[in-house]
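The structure presented is a predicted model; accordingly, all values stated were derived computationally and were not measured. Just so it is clear: chains get the letters A, B, ... in the order the sequence lines come, proteins before strands, and each one is counted from 1.
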There are 2 protein chains.
Amino acid sequence: MAAAQELGYRPNAIARSLITNRSRIIAVVMAYLENLFYPDVLEELGRLLVKENYRLLLFTGHMDRDSDPVFDQLMQYRVDGIILASTTLSSHLSEECATAGIPVVLFNRTTERDAVSSVTTRNREGGRRVAEFLLAGGHKRFGYISGVESSSTNRDRFVGYREALVEAGHDDIVVGVGNYDRAEAEAAAREMLSRPDRPDALFVANDHMAVAVMDVARYEFGLSIPEDLSIVGYDDVGAARWTAYGITSMSQPLKRMVEATVNILMSQISSGEIEAEHRILSGELMVRTSARVPKSGVVEIDGRRIYKPGKS
Amino acid sequence: MAAAQELGYRPNAIARSLITNRSRIIAVVMAYLENLFYPDVLEELGRLLVKENYRLLLFTGHMDRDSDPVFDQLMQYRVDGIILASTTLSSHLSEECATAGIPVVLFNRTTERDAVSSVTTRNREGGRRVAEFLLAGGHKRFGYISGVESSSTNRDRFVGYREALVEAGHDDIVVGVGNYDRAEAEAAAREMLSRPDRPDALFVANDHMAVAVMDVARYEFGLSIPEDLSIVGYDDVGAARWTAYGITSMSQPLKRMVEATVNILMSQISSGEIEAEHRILSGELMVRTSARVPKSGVVEIDGRRIYKPGKS
DNA sequence: CTGAAAGCGCTTACAG
DNA sequence: CTGAAAGCGCTTACAG
């Protein structure tokens, strides 16, 4: 042992993994890090995985649907688990993972397929909450700037938002497509705010776009926020808290989401059984300055203002 | 081959690496992803490494100086190269890498030690440029909010800034310590702006802090920017371009920096020779709205405004 | 309890 | 040109 120490011997983890059949590597696939939400997720993932004595192999960049070379690489490195954030595997590929016995967890996404686990938040309820908040604020004309239209997050947020608005008698929502992209969100905002019947309440599908939309509204259209236009976002990312924006936003409990993701992975790895598990968490509507504040329903908890209808 | 295809055979990269003595894995160590500059770097690194057929093993979280377990893990996975961003290895550890024949590149950092390569920008010239710009803007009283005081980036930026100011007869710079941290930068700004002789020109060591400082100046002190206070940042990160901030900032050529980093690594890996190489690139002072604009020296290139003293 | 052997899945050099 | 053998650095089961 002393000699080993002296010579700086370190066991070769790669040789070990060959015989143990465990690489202790988790692959994390993140299409893009531009949305500030994801770097935060990544950092937290790194923290938890290291605690579990796992390494994090990162794949960024958009994956093409089926024939991804990225996927081949995951398999070649015999990763013990895969976390997919802001990407979805084709059904073909997730099948392959399942047969190869590699646990897969979708982060902030779901699919109909039952084979792969997922961790999400109640996006539909979130969408409803946003609508309730804007209705309580006395708004009359509602808009929505969407994310990627086929994504489960976008779909669920919009469905909940629309449901609650329709129940209140508003069935004419102005919709623009933002694709979770700044530039596209800006274009959608320009188009929407140029309309003679422009909305006075706007739900933007995530904060990453909401920041861009606020800049367009304020500096290109000269609108006062929230006097002329209320904006609500989603995710509660860092920039939402910056005073210049102060975005009222549905939060996603990032730490708990990451924790659930790692838990699912760890239990599937150790049990060797891959039974799809779906963990669904809840967020809160964080009230700041980007949207008119209703007379009641806003409570203060630990210095943060949260909208909880029914309470005051 | 047909059979292999049918059975979904994929070579085991780990077994291969055992015999080839090449893991085709590069370790990237990033202390924190909070500063928006680093996620961008990470994404670009991912792009280039994948092109070179390398994988990216990510380590986040602060490393303790000498005895880091993280470093042990790097070694255990027999990574082919190490990129250190926003962290420095102790001399002891970089020595070990050298003897183990693993190339190391410091990204956006340097050390006196010659054994390890680095990619940086001309921070001292950058600091000078900022000073020249603020002097040309007619400012009288200069402040500086620092990064981590021991870091080479911070030191060089400040040295250049001070040099140019002293040459112009200003040797009384008000200095606050921001440690590249939002909260600390805010505290430093509060302290500095409360002074009776508060500066009218403020160089903040990076944009990540500059955003926070601007919010403090505007919303806590009611200052107009740039009328009451000019602020210049560093890095030219995404948020600097958001209209609400519009930070005048020294850019760092991120893509070229990443390219140089990967190049150094690749050439050292293929040659097997680890000779320290220091690549130093240049940035530009991107002119936006957070600082008073001098009468001359600002040129427009591809729709971006850049300060190039001596030209107009 | 200690120590030698087999084997994980590859690649490479060598024999047929 | 094809095919069997050796070996990368571990772990694990087994023999002494």
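Residue A:L18 has its side chain nearest to C:dC8 when only C:dT11, C:dC8, D:dT11 are considered. Closest to the side chain of A:T20, out of D:dG9, C:dT11, D:dT11, is D:dT11.
Atoms CD1 (A:I14) and C1' (D:dG7) sit 16 Å apart, rounded to a whole Å. Here the C1' atom of nucleotide D:dC10 and the CG atom of B:N12 are 14 Å apart, to the nearest Å. If you measure from atom CZ of B:R10 to atom C1' of C:dC10, you get 17 Å, rounded to the nearest angstrom. Whole-Å rounding puts the A:R22 CZ to D:dG9 C1' distance at 20 Å. Counting to the nearest Å, the P atom of C:dC10 and the CZ atom of B:R24 are 17 Å from each other. In this entry the distance linking CZ of A:R16 with P of C:dC8 reads 19 Å, nearest Å. Nucleotide C:dT12 holds its P atom 11 Å from the CG atom of B:N21, rounded to whole Å.
In this structure, a donor-acceptor pair under 3.5 Å is present between the side chains of A:T121 and A:Q252. Donor-acceptor pairing under 3.5 Å is recorded for the side chains of B:Y180 and B:T153. With 3.5 Å as the limit, one finds no donor-acceptor pair spanning the side chains of B:S118 and B:E277.
Under a 4.0 Å N-O distance rule, the pair A:D80/A:R24 does not qualify as a salt bridge. One finds a salt bridge joining B:R47 and B:E44 here, because a Lys/Arg side-chain nitrogen approaches an Asp/Glu carboxylate oxygen to under 4.0 Å.
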Secondary structure of DNA chain D per the Watson-Crick/G-U criterion (both distances under 3.5 Å; [ ] crossing, | other strand, . unpaired) is |||.||||||||.|||

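Using a 4.0 Å cut-off, no side-chain N or O of A:Y77 falls inside it from OP1 or OP2 of C:dG9.
Of the two residues contacting DNA chain D, namely B:R78 and B:I19, the nearest-nucleotide position lying further toward the 5' end is that of B:I19.
When all heavy atoms of B:G283 and B:P253 are compared, the pair lying nearest together is CA-CD, 4.3 Å.
B:F37 and B:F107 have tilted rings, their planes meeting at an angle from 30° to 60° on a 0 to 90° scale.
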